[in-house]
Amino acid sequence: MSFDILEFLQSLVQLNAVGYMREVWSDDMPAWLSEAILDIVVILVICTFNLIIVLGLIWLERKVVARIQDRIGPNRVGGRYGILQSVADATKLLSKEIITPSGADKLAFNLAPLVIVVAALLMWAVIPFAPGVIGTDLNVGLFYVLAISSVSVVPLLLAGWGSNNKYALLGAFRSVAQLVSYEVPMVMALLIPILIAGTMSMQGLVMAQEVWYVLVVPLSALIFLVSALAELGRTPFDLLEAESEIIAGYHIEYSGMKFAMFFLAEFINSLFMAALFTTIYLGGWRGPGAMEYPILGLIYFFIKVFLVYFVFIWIRGTFPRIRIDQLLDFNWKFLVPLTLGLIMVIAVVVKLIPEGTNPWAAAAALFIVNILVGLVALEFVRRYARRQRIEVEEVSISLDKTGDVTEVQSTATVVS
Amino acid sequence: MTIQQVVFILISLITIISAIVVVTDRNLFRAAVGLMASFLGVAGLYIILEAGFLAVAQLLVYIGAISILVIFAIMMTRRLMQTIESPFNSQPVWGLIGAVLAFLLLALVAIRTWPTAQYPAPSGPVVESSVQQLGALMVSPDAYVVPFEVASVLLLAALIGAVAISRTEGS
Amino acid sequence: MVPLSWYLIVAALLFCIGLYGVMARRNAVAILMSVELMLNAVNINLVAFWRYLQPDLQVGVSWAIFVIAVAAAEAAVGLALIIAVYRSRDSVVAEELDTLKF
């Protein structure tokens with residue numbers, strides 16, 4: 001076939017440009033070469049899209065958080081809305097001097113920003129943007145995402161160690177503790193859609209969502225949302241990079257472009273978690289007419305992703321920060337038992353539902369089960385809180401009676 | 001030299017060179033990074049062998065968990081003179097002789113029993129629904145349900161044991 | 001095509017490098033890292049044999065997963081032991097840890 005510009009544009013609209021180019025080149029060059037070139041082009045498109053959209057995301061975040069905090073946000077650079085603010089930030093970071101601290105381990109110091117950006121970009125290979133538009137449809141796609149997100153914990157340690165700085169190391173330890181702890185409920189919460197859909201492939205998960213999974217297993221969606229926020233290091237879990245706490249955490253010693261890499265990786269990860277949430281719980285590209293016109297699927301996908309990203313920013317603007325011990329307590333004493341219990345209950349219920357029932361009826365059954373488990377969990381939390389309150393009241397009563405500090409320490413059981 | 005052979009040789013080189021870094025570097029942290037690189041190489045070998053699930057499990061467990069555990073242990077047991085003393089104990093030469101002899105023995109057995117001429121390529125394709133088959137094997141009574149349950153009890157024992165051993169007095 | 005014996009030789013090489021690390025390294029954590037290398041070599045062997053001799057049933061892969069699980073458990077307990085020993089003896093050099101009582 002010969003290359004025709006009109007047909008190429010038409011294939012772009014139908015989101016089948018890769019297939020069209022493959023056909024055009026099938027006579028001139030061997031199959032493996034055209035496949036290799038097309039793969040490289042797809043990789044470049046995904047990476048460029050990510051890097052460019054991060055500029056827009058930074059601007060969006062600053063504007064929305066500013067409005068939530070009753071101020072305006074960037075409004076000088078690039079007109080009334082400060083659109084070019086991110087470009088100015090990027091230029092500033094590019095022009096800063098790259099300082100390597102003396103005594104830093106060169107290998108670890110330079111490897112860390114590289115690995116973190118590469119890991120963040122690698123995860124985008126398995127996100128289905130539209131029917132038939134996916135980097136590669138691995139049959140263990142979701143598992144691959146979890147593995148890469150667990151690998152992206154390693155650059156934090158490399159950065160903390162390579163900076164030759166006590167505080168960077170301490171910050172890196174706390175970051176790693178938080179990230180590794182919150183991987184557990186994230187993995188287990190993602191197990192539930194896999195149970196229901198029966199497949200780990202991302203495109204398969206989207207196809208299996210006749211009813212969006214956020215309506216079928218809302219508790220699992222909530223647990224995933226919370227642990228994804230903790231994995232990203234966003235507020236309310238952003239103790240690690242809060243300026244009042246430990247200055248900049250594991251990337252204190254980085255400046256210029258290397259710091260920009262960490263910054264970039266955080267935003268790419270945030271957008272990715274929003275995309276993952278849409279794919280698994282909000283039906284991905286599904287919507288009216290998406291199967292016949294793939295371009296509609298792409299539009300639905302991006303609308304949903306930006307909606308979820310807006311929820312992330314909203315949470316950031318409204319919640320206060322959580323302490324590190326509260327964070328770890330919350331994870332191990334509440335989230336992990338809750339998720340384990342939820343998996344057991346859902347596994348039983350999924351097997352009890354007979355094969356050919358209407359998907360809406362099955363969805364309703366699972367929804368009710370979710371609400372029940374949520375209510376049971378809330379009841380446990382309420383009893384625990386009541387016990388705490390009684391103990392604190394005992395302490396205050398004994399304080400009133402005697403007014404003596406040593407008395408309190410011997411009689412009351414003070415619980416943190 | 002087909003492309004598959006070139007890729008195999010590249011990934012094996014990464015694995016072997018990182019393994020050599022692990023056993024010879026006097027800076028323990030660099031040895032840990034070499035360990036991670038060799039795990040990555042092994043995951044690559046699994047991908048060539050079409051065991052995709054195992055490759056991803058290797059990434060998740062070995063690089064995402066065990067390597068971090070090793071790095072934490074290195075940090076917590078550091079001494080000041082560590083990067084200056086020799087990495088080897090009192091018998092590196094005997095160790096080398098033993099390792100070389102072991103390698104020669106293993107390589108000889110491998111080449112004699114499965115010669116290159118008789119086993120040049122895999123004998124058949126891997127099934128499409130490999131993950132489903134793996135899951136079925138793990139829970140079916142005449143396959144691997146007993147090792148599966150025993151492995152979970154073992155992991156629970158290791159979890160409790162590790163926490164119990166590393167507690168300090170009064171914590 | 002890659003012959004089976006190439007995989008076996010790479011696995012044997014990795015195993016023997018790990019063996020050398022176990023026999024010749026001073027630091028106990030380094031010895032544990034070499035043990036992990038040996039376990040990985042065993043896994044490569046398992047998966048290569050599975051792929052070349054019986055690829056229609058996922059037996060080799062499930063066995064390799066059990067090896068990974070056991071290796072993880074052993075690494076966790078081993079490192080906890082090393083940290084506990086470091087706390088009481090202040091040394092992780094394997095040669096210096098040679099008495100059962102102190």
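Chain naming here is simple, since letters A, B, ... match the order of the sequence lines and numbering starts at 1 in each. Excluded from the calculations below are hydrogen atoms, water molecules and symmetry mates; all remaining heavy atoms, backbone and side chain alike, are included.
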Euclidean distance, B:I16 CD1 relative to B:I9 CD1, rounded to 0.5 Å:
12.0 Å
With only heavy atoms counted, which part of B:S130 is less than 4.5 Å from chain C, the side chain, the backbone, both or neither?
both
With chain B as the partner, which of C:A41, C:A80, C:A28, C:P55 has the greatest number of non-hydrogen pairs under 4.5 Å?
C:P55
Of all of C:L19, C:V29, C:V77, C:I17, which one pairs up most often with chain B through heavy atoms under 4.5 Å apart?
C:I17
Between C:V70, C:N43, C:V93, which residue shows the highest count of heavy-atom pairs closer than 4.5 Å to chain B?
C:N43
Examine whether an atom of C:W63 lies under 4.5 Å from a heavy atom of chain B, and if so say whether it belongs to the side chain, the backbone or both; otherwise answer neither.
neither
Would you please indicate if the ring centroids of C:Y7 and B:F8 are separated by under 6.0 Å?
yes
With a 4.5 angstrom heavy-atom cut-off, is it the side chain or the backbone of B:L137 that approaches chain C, or both, or neither?
side chain
With a 4.5 angstrom heavy-atom cut-off, which part of C:L57 approaches chain B: side chain, backbone, both or neither?
both
Taking side chain as everything from C-beta outward and backbone as N, CA, C, O, which of these in B:M138 sits under 4.5 Å from a heavy atom of chain C? Side chain, backbone, both or neither.
side chain
Please identify, among B:A143, B:S152, B:A164, B:P147, the residue contributing the most non-hydrogen atom pairs under 4.5 Å to chain C.
B:P147
Look at the rings of C:F66 and B:Y144 and say which category their plane angle falls in: under 30° parallel, 30 to 60° tilted, over 60° perpendicular.
perpendicular
Where on B:V61 is there a heavy atom nearer than 4.5 Å to chain C: the side chain, the backbone, both, or neither?
side chain
Please test B:L28 against C:M33 for side-chain contact (heavy atoms from CB on, under 4.5 Å), starting from the C-alpha separation and ending with a verdict.
CA-CA 10 Å; B:L28 263 188; C:M33 288 200 277; 3.8 Å; yes
Would you mind telling me which of B:V23, B:L154, B:T113, B:T24 has the largest number of heavy-atom pairs within less than 4.5 Å of chain C?
B:V23
B:V7 and B:I11: side-chain contact (heavy atoms from CB on, under 4.5 Å), yes or no, with the steps?
CA-CA 6 Å; B:V7 169; B:I11 296 186; 4.1 Å; yes
Please determine, among B:I111, B:L159, B:T2, B:V42, the option with the most heavy-atom pairs under 4.5 Å with chain C.
B:V42
Heavy-atom contact with chain C under 4.5 Å, split by part of B:L105
neither
Heavy atoms only, distances under 4.5 angstrom: which of C:V59, C:I9, C:V22 has the most pairs with chain B? Name it, please.
C:V59
When rounded to the nearest 0.5 angstrom, what distance separates CG in C:L14 from OG in B:S18?
9.5 Å
Segment of B:Y46 engaging chain C (4.5 angstrom heavy-atom cut-off)
side chain
Side chain from CB out, backbone as N, CA, C, O: work out which of these in B:A151 comes under 4.5 Å of a heavy atom of chain C, or both, or neither.
side chain
Answer with side chain, backbone, both or neither: which region of C:Y52 has an atom nearer than 4.5 Å to a non-hydrogen atom of chain B?
both
Determine the minimum heavy-atom distance between B:A158 and C:A73, stating which atoms define it.
CB-CB, 3.6 Å
Pair count under 4.5 Å, heavy atoms only, with chain C: among B:L35, B:V93, B:L101, highest is B:L35
For B:I20, which atoms come within 4.5 Å of any heavy atom of chain C: side chain, backbone, both, or neither?
both
Heavy atoms only, distances under 4.5 angstrom: which of C:I65, C:I82, C:N45, C:I31 has the most pairs with chain B? Name it, please.
C:I65
Pairs of heavy atoms under 4.5 Å with chain C: top-ranked of B:L49, B:L54, B:L106, B:I165:
B:L49
Select one option (side chain, backbone, both, neither) describing which atoms of C:R25 are under 4.5 Å from chain B's heavy atoms.
both
Could you have a look at B:T15, B:V150, B:L69, B:V100 and say which one has the most heavy-atom pairs with chain C under 4.5 angstrom?
B:L69
What's the separation between atom OG in B:S12 and atom CD1 in B:I17, rounded to the nearest 0.5 Å?
10.5 Å
How about CZ on B:F148, more than 12 heavy atoms from neighbouring residues, nucleotides or ligands closer than 6.0 Å, or not?
no
